[in-house]
Student: 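This is the structure I want to talk about, given as structure tokens.
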Amino acid sequence: MLLRVTVLTVVLLGLVAFSILLAKVTLTPSPASEDIVTSNLRPGRSLRQYAEDYTFLAACKQAGGNVLLGVPFGLLLPFLVPRRLRMISMTLLTAAAMVLVELVQGALITGRAFDIDDVILNTSGALLGYFLLGRRISHSYHVYAHTPRAEAVKPEAEPKAAERTTPSRTKAKTQTKAGAMTKTGARTRSTRLTKARGSSGRPTAGAARPGSGRALMDRLRRR
């Protein structure tokens, strides 16, 4: 919220400063040009005059000055218009403002006249400023300013059901393997005990241990 108020305040102050500069440049009387300047309602007429009657530097100064005069519109207006159709809205606002200025020039200011080519050059300057810098900075501002706070700080996603059940399945598999190993060990011990016992399942009382004297006597008797 603070950032939005700060940016809008800076933009409005910039527009005020630019409006003062625009009024000083375009609404200043020029008595010396009163007999020379005429209104122009045909697009391209003044541009052809610049190319034919002006020197190269003078033509660049005249046309370039009108283009540069429209650049601030392309930098400041995108902050104040909606995100949708931002370029079209900025272009229409610039054209309307410059038409108003040209009408005031032709009706009230001495040595000034309405010129449709000036409107075209000013609007072209606004589009130039918009594409060079205004589009990027205004897009970043609108994205940040109009993003809900809940979306800006997203909570961590909860683990999926499959991920939550994985530890329990792993634990069950471990317990199953441990039970199988325990049963296998018990079977092995019981087999060993059975071999050590006699056919009746009990330890044989008369069985002689290998290597004892009684075992040797039994062998001699058998022979």
Side-chain angles (χ1 to χ4, degrees), residues 4 7-34 36-146:
R4 186 176 182 181
V7 171
L8 292 179
T9 302
V10 172
V11 169
L12 291 176
L13 291 176
L15 283 176
V16 171
F18 173 66
S19 299
I20 295 174
L21 176 63
L22 181 64
K24 185 177 181 180
V25 171
T26 58
L27 301 181
T28 302
S30 179
S33 304
E34 185 175 1
I36 303 173
V37 176
T38 58
S39 298
N40 174 33
L41 299 178
R42 295 172 57 185
R45 178 182 174 184
S46 295
L47 296 178
R48 287 193 299 270
Q49 185 179 1
Y50 297 156
E52 295 173 358
D53 301 338
Y54 286 58
T55 63
F56 178 76
L57 292 178
C60 290
K61 182 179 179 180
Q62 187 69 25
N66 285 317
V67 171
L68 292 177
L69 200 60
V71 169
F73 285 111
L75 299 178
L76 299 176
L77 287 181
F79 289 91
L80 304 178
V81 298
R83 294 176 60 184
R84 293 184 177 180
L85 304 176
R86 185 165 54 232
M87 184 185 72
I88 297 176
S89 301
M90 182 272 304
T91 304
L92 293 177
L93 286 175
T94 302
M98 297 315 300
V99 167
L100 180 62
V101 169
E102 292 293 325
L103 289 175
V104 172
Q105 279 185 339
L108 303 177
I109 308 302
T110 304
R112 302 283 184 174
F114 180 89
D115 194 338
I116 190 62
D117 285 338
D118 288 348
V119 176
I120 295 174
L121 291 174
N122 296 145
T123 306
S124 299
L127 288 173
L128 180 63
Y130 175 76
F131 283 113
L132 288 180
L133 188 60
R135 177 177 59 176
R136 286 180 291 179
I137 58 177
S138 63
H139 177 74
S140 301
Y141 163 74
H142 283 293
V143 169
Y144 185 83
H146 295 87

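In what follows, every heavy atom counts, from backbone to side chain, and hydrogens, waters and symmetry copies are set aside.
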Student: Are side-chain heavy atoms of Phe131 and Met87 found at a separation under 4.5 Å?
Tutor: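 Yes, at least one pair of side-chain atoms sits under 4.5 Å.
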Student: Considering all heavy atoms of both residues, which atom of Leu41 and which atom of Ile116 are nearest to each other, and what is their separation?
Tutor: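 Smallest interatomic distance, heavy atoms only, reads C-CG2, 3.7 Å.
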Student: Would you indicate whether the side-chain heavy atoms of Leu12 and Val16 approach each other to under 4.5 Å?
Tutor: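 Not touching, per the 4.5 Å side-chain cut-off.
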Student: Within a strict 4.5 Å, meaning less than it, do heavy atoms of the Lys61 and Thr55 side chains meet?
Tutor: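 No, side chains not in contact.
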Student: What closest approach, in Å, do Val37 and Gly111 show between heavy atoms, and which atom pair accounts for it?
Tutor: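 That would be CG2-O, 3.7 Å.
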Student: What's the spacing between Leu77 CG and Tyr130 OH if we round to 0.5 Å?
Tutor: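 Reported to 0.5 Å precision, the distance equals 11.5 Å.
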Student: Going from CD1 on Ile20 to CG on Leu15, what distance comes out if it is rounded to the nearest 0.5 angstrom?
Tutor: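 One gets 11.5 Å once the value is rounded to the nearest 0.5 Å.
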Student: Using the rule side chain to side chain contact (heavy atoms under 4.5 Å, CB included), only one of Val67, Leu22, Asn66 pairs with Asn122; which is it?
Tutor: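 The residue from Val67, Leu22, Asn66 that satisfies side chain to side chain contact (heavy atoms under 4.5 Å, CB included) with Asn122 turns out to be Asn66.
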Student: Using 0.5 Å steps for rounding, measure from the CG atom of Leu93 to the CG atom of Leu76.
Tutor: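 Nearest 0.5 Å value for the CG-CG distance: 12.5 Å.
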Student: List the atom of Asp115, the atom of Ser46, and the distance in Å for their closest heavy-atom pair.
Tutor: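 Reported closest heavy-atom pair: OD2-OG, 2.6 Å.
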Student: Specify whether Phe18 and Phe73 have parallel, tilted or perpendicular ring planes, treating 30° as the upper limit for parallel and 60° as the lower limit for perpendicular.
Tutor: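 Perpendicular: the ring planes of Phe18 and Phe73 meet at over 60°.
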Student: Does any non-hydrogen side-chain atom of Leu80 lie less than 4.5 Å from one of Leu8?
Tutor: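 Touching, per the 4.5 Å side-chain cut-off.
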Student: Shortest non-hydrogen contact from Pro43 to Ile120?
Tutor: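 Result for this residue pair: CB-CD1, 3.9 Å.
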Student: Under a 4.5 Å cut-off applied to non-hydrogen side-chain atoms, are Arg135 and Met90 in contact?
Tutor: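 Side-chain contact under 4.5 Å: no.
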Student: For Arg83, does the CZ atom have more than 12 heavy-atom neighbours from other residues, nucleotides or ligands under 6.0 Å away?
Tutor: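 Above 12, so yes.
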Student: Quick one: does Thr26's side chain get under 4.5 Å of Gln105's, heavy atoms only?
Tutor: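 The answer is yes, as the side chains (C-beta and beyond) meet within the 4.5 Å cut-off.
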Student: Which pair of heavy atoms, one from Ala95 and one from Val119, lies closest together, and at what distance?
Tutor: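 The pair with the smallest heavy-atom distance is O-CG1, 4.1 Å.
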Student: When you compare the side chain of Asp118 with that of Met98, does any pair of heavy atoms fall below 4.5 Å?
Tutor: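 SC-SC contact between Met98 and Asp118 ruled out.
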Student: For Arg112 and Leu27, indicate whether the former's side chain and the latter's backbone hold a donor-acceptor pair under 3.5 Å.
Tutor: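 Not a single qualifying donor-acceptor pair exists.
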Student: Check Gly134 against Pro78 and note the closest heavy-atom contact, atom names and distance.
Tutor: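 So the minimum-distance heavy-atom pair works out to O-CB, 4.3 Å.
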Student: To the nearest 0.5 Å, what is the distance between CZ on Arg86 and CZ on Phe79?
Tutor: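 Here the rounded value is 9.5 Å.
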